[in-house]
A.B. asks: 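Okay, here's the structure, questions in a sec.
Below, read A as the first sequence line, B as the second, and so on, with proteins coming before strands; counting in each chain starts at 1.
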Amino acid sequence: MSTEAPEAPQAPEAPRRGTLTSGKGRLADPIFKWVVAACGTIVLVILALMVIRTTTEAWPVFAKEGFFGFLIGEEWTAGGSRTEITGTYGAWPFIYGTLITSVIAIAIALPLSIMVAVYLTHLAPRRIAKPLSYTVELLAAVPSVIFGLWGLHWFLPNVMRPFFEWLEGAMGWFFLFEGPVRGVGYLPAGIVLAIMILPIMTAIIREVVAVQPLEQQMAAYALGSTRWEVITKVVLPASFSGIVAAAMLGLGRALGETIAVLMLIGGSQGWGASLFGTGSSMASHIAATFGESSPETRTGLMAIGVALFLVTMIVNILARVIVWRLGQFTGDAAV
Amino acid sequence: MRNGRSKLAVLAAIPLLATACGGGGDAAGDGADGGGGGDLSAQLTGAGASFPDPLFQDWIYEYSNGVQPGVSVNYQSVGSGAGVEQFLEQTVDFGSSEEFLGEEDLAAAAEARGCEAVQFPVVFGAVVIALSNPDLDGLVLDAETLAGIYSTEITTFDDPAIAELNPDMDLPSDEIIPVHRSDSSGTTYVFSHYLTTEVESWADEYGEGKELDWADGLVGGQQNDGVAQGITQNPGGLGYVNQSFAQEADLAVAHIVNEDGTPIEPTLESTIAATGEAEIPDNFQFSIDNIGGEGYPIAGSNWIFTYTCGYDQANADAIIDFWTWALTDQGAQDLAGELGYAPLNEELTERVITELEKTNSENGGGDADADTGAEEDAEATE
């Protein structure tokens with residue numbers, strides 16, 4: 001006790017120096033910097049490790065098929081060897097399946113999520129807007145396996161199938177809607193994907209639309225614009241970059257979604273142009289065959305993993321290029 | 001409904017089994033340990049095929065609740081491929097697969113562990129052709145028509161090839177939608193192996209395997225459930241599933257013409273008859289091919305793998321005791337039948353138990369032999 005007494009007078013000195021420049025504060029800064037830098041680096045390291053590991057494991061398949069041969073090859077016959085590559089590995093059917101389901105999903109979800117977001121921020125009465133936006137966010141919390149089960153057991157037979165049969169009857173001459181309707185296929189997988197990516201896209205677009213400056217909108221109204229004109233000519237163009245960001249996030253989820261697609265795409269190693277046709281996506285094929293795979297097949301699946309990395313990357317780059325180009329036209333400093 | 005009933009039956013059987021087998025277990029335990037501690041005590045892990053998983057889980061429940069409370073068995077249905085891998089990497093006590101280990105795998109196993117691996121079948125199962133249209137229950141098909149359907153050469157039910165096999169049936173002109181497993185599966189292997197053995201053009205074009213490069217236009221379903229959905233949601237749906245699953249889901253099934261030209265309904269009896277017809281070599285590397293008589297022609301088996309060395313004696317005893325119980329106890333065998341799996345016949349059971357007892361035999365061989373002898377005596381007296 002008595003030893004602390006002499007130290008007491010020193011205490012007031014600390015506040016005099018100021019908390020920001022105290023010894024502790026000076027140390028905290030670099031520590032914080034390093035911790036944050038380490039966290040940032042970890043992301044890169046993990047990504048690099050994954051790319052290196054999968055590419056190494058997939059190497060024998062690339063060596064046999066050639067990298068582009070693997071990407072555009074249409075035949076996938078898995079071999080059962082332990083030491084060598086005996087099958088034929090062409091990933092195009094799976095790449096096509098991934099792309100077509102994601103395109104369907106975005107084509108449906110993007111307009112829908114923009115409309116929902118605009119309704120929530122600009123049109124809905126407050127007592128409806130609040131619960132509705134909670135509900136949309138709740139949709140995001142539903143596990144994808146639930147979407148798959150619900151899609152397969154209820155939504156597909158009761159809603160989608162009658163619609164598909166009508167569509168096939170009306171548009172069957174068009175190659176995208178060529179019959180027969182088989183239930184599962186690209187279209188049902190894409191539609192359920194659209195429902196799955198809707199919440200995250202709506203949430204982002206809603207935030208972006210909500211923060212658009214009120215002054216501009218007021219000015220537009222003052223000039224005699226209708227509500228439609230304000231929304232389509234003032235609010236949405238200004239939100240363009242945010243909408244693209246939302247679409248990219250949704251697309252990312254759609255490209256990688258596994259279990260729901262697996263249950264609904266009618267997995268097979270073939271592919272076809274008709275949206276009623278069956279096939280597989282890259283992620284769903286890996287998930288479907290990994291459990292029973294031989295060491296050789298696993299090499300092929302690793303190669304699909306590498307291809308999935310690549311496809312995702314290309315899609316992201318394309319999206320950024322589009323934003324950049326359109327940004328020049330709209331005068332928006334996009335992304 | 002079926003499910004509920006069989007569950008009830010299982011529940012009702014538990015106390016009976018507990019009393020009936022408790023005594024047997026004790027006796028075997030005494031014999032094994034020479035009066036050391038009575039019951040066995042071990043924790044086993046196994047991994048492999050998903051096809052026998054429902055049965056294995058029921059067996060494990062019965063065994064560790066009624067027979068050997070000191071033994072817990074953890075079986076993970078990670079798939080045949082992963083089962084073989086985990087067995088070769090020695091992360092589990094026993095592996096399981098719907099394909100036997102070939103020479104390459106056996107060599108890899110022997111190299112990894114430093115001693116031979118043993119494999120033996122424990123249960124059989126038929127693969128049935130299920131149909132969406134209940135009016136078609138009992139439709140007769142043979143290997144050629146099945147191959148034609150799955151290679152999309154036969155596209156409607158009133159195709160002449162099918163009509164010829166079913167002269168008395170009023171066949172609809174519905175388009176056939178063939179459904180297959182989209183995941184890699186032992187069921188696909190059994191089905192495609194049958195077609196490969198029977199139909200030359202199938203062997204040339206598609207061959208056999210756990211996954212195939214199917215013809216365009218077929219529908220794939222994830223697991224048995226996905227196949228069932230694919231079948232029932234299409235008026236012309238037709239697909240192959242495990243008999244146990246078809247039985248649970250109450251699906252209409254086709255009768256398949258066997259080697260003797262007889263259309264056979266897939267039942268437990270016809271599957272058992274098939275396994276009796278099959279020639280099973282001493283190394284247990286076999287497929288159930290060219291089945292005639294009363295046997296149903298599309299059937300597969302499930303193998304268990306163990307090593308001949310490197311176990312703790314307690315674990316080895318438990319492995320041998322568990323599988324001996326599963327293969328010989330009447331309650332365990334009845335359980336298999338109820339779930340739609342065909343048990344081994346007596347002659348095969350004896351051979352399998354001899355093979356099973358090689359587990360850990362190169363590790364303190366004397367003790368292990370003493371165990372197995374005592375157990376065999378116990379079985380004989382039953």
A.B. asks: Please determine whether the number of non-hydrogen atoms from other residues, nucleotides or ligands lying under 6.0 Å from atom CD1 of A:I200 exceeds 12.
C.D. replies: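 No, not enclosed.
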
A.B. asks: Before you tell me yes or no, could you show the steps for A:H153 and B:D225 under side chain to side chain contact (heavy atoms under 4.5 Å, CB included), namely the whole-Å CA-CA distance, both residues' side-chain angles and the distance that decides it to 0.1 Å?
C.D. replies: CA-CA 10 Å; A:H153 286 268; B:D225 177 60; 3.2 Å; yes

A.B. asks: Give the member of B:G220, B:G237, B:A108, B:S50 that has the highest number of heavy-atom pairs under 4.5 Å with chain A.
C.D. replies: B:G220

A.B. asks: Establish, from distance only, whether the side-chain atoms of A:H285 and B:D183 form a donor-acceptor pair under 3.5 Å.
C.D. replies: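 No pair is found: no donor N or O on one side chain lies under 3.5 Å from an acceptor on the other.
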
A.B. asks: Which distance, rounded to the nearest 0.5 Å, do you find between the CD of B:Q222 and the CD1 of A:I259?
C.D. replies: 6.0 Å

A.B. asks: Taking the side chain as every heavy atom from C-beta outward, state whether B:Q229 and A:L264 have any pair of such atoms under 4.5 Å apart.
C.D. replies: no

A.B. asks: Which answer fits A:P180, side chain, backbone, both or neither, if we ask what part of it has an atom under 4.5 Å from a heavy atom of chain B?
C.D. replies: side chain

A.B. asks: Under 4.5 Å from any heavy atom of chain B, what part of A:S294 do you find: side chain, backbone, both or neither?
C.D. replies: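 It is neither, since no heavy atom gets under 4.5 Å.
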
A.B. asks: Under a 4.5 Å heavy-atom cut-off, does chain B meet the side chain of A:S274, its backbone, both or neither?
C.D. replies: neither

A.B. asks: Tell me, side chain or backbone of B:V78 under 4.5 Å from chain A's heavy atoms, or both, or neither?
C.D. replies: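 Contact with chain A involves the backbone of B:V78 alone.
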
A.B. asks: With a 4.5 angstrom heavy-atom cut-off, is it the side chain or the backbone of B:S185 that approaches chain A, or both, or neither?
C.D. replies: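 Only the backbone of B:S185 comes within 4.5 Å of chain A.
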
A.B. asks: Please check: side-chain N/O of A:R182 versus main-chain N/O of B:G230, any donor-acceptor pairing under 3.5 Å?
C.D. replies: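 The answer is no, because no donor-acceptor pair under 3.5 Å joins these two groups.
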
A.B. asks: If you count every heavy atom of other residues, nucleotides or ligands that lies below 6.0 Å from B:Q76 atom CD, does the total exceed 12?
C.D. replies: yes

A.B. asks: With chain B as the partner, which of A:S280, A:S284, A:P157, A:G185 has the greatest number of non-hydrogen pairs under 4.5 Å?
C.D. replies: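 The answer is A:P157.
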
A.B. asks: Report, in residue-number order, which members of residues 172-182 of chain B are under 4.5 Å from chain A by heavy-atom distance.
C.D. replies: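 Residues in range: B:E175, B:I177, B:H180, B:S182.
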
A.B. asks: Chain A heavy atoms under 4.5 Å from B:D216: which part of the residue, side chain, backbone, both or neither?
C.D. replies: side chain

A.B. asks: Ignoring hydrogens and geometry, is there a side-chain-to-backbone donor-acceptor pair from A:Q269 to B:W214 under 3.5 Å?
C.D. replies: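 Answer holds: no.
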
A.B. asks: For chain A, which residues of residues 81-94 of chain B have at least one non-hydrogen atom nearer than 4.5 Å to it?
C.D. replies: B:G81, B:A82, B:V84, B:E85, B:L88

A.B. asks: Below 4.5 Å, heavy atoms only, C-beta onward: do A:E75 and B:D213 meet side chain to side chain?
C.D. replies: yes

A.B. asks: Between B:A215 and chain A, which part of the residue has a heavy atom less than 4.5 Å away: side chain, backbone, both or neither?
C.D. replies: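 When you check distances to chain A, no heavy atom of B:A215 falls under 4.5 Å.
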
A.B. asks: So which residue, B:G209, B:G221, B:G217, ends up with the most heavy-atom pairs under 4.5 Å with chain A?
C.D. replies: B:G217

A.B. asks: Between the side chain of B:E211 and the main-chain N/O of A:T77, is any donor-acceptor distance below 3.5 Å?
C.D. replies: no

A.B. asks: Report the C-alpha distance between A:R161 and B:N234 in whole Å, list the side-chain angles of each, state the deciding distance to 0.1 Å, and finish with yes or no for side chain to side chain contact (heavy atoms under 4.5 Å, CB included).
C.D. replies: CA-CA 10 Å; A:R161 198 183 169 97; B:N234 288 298; 2.9 Å; yes

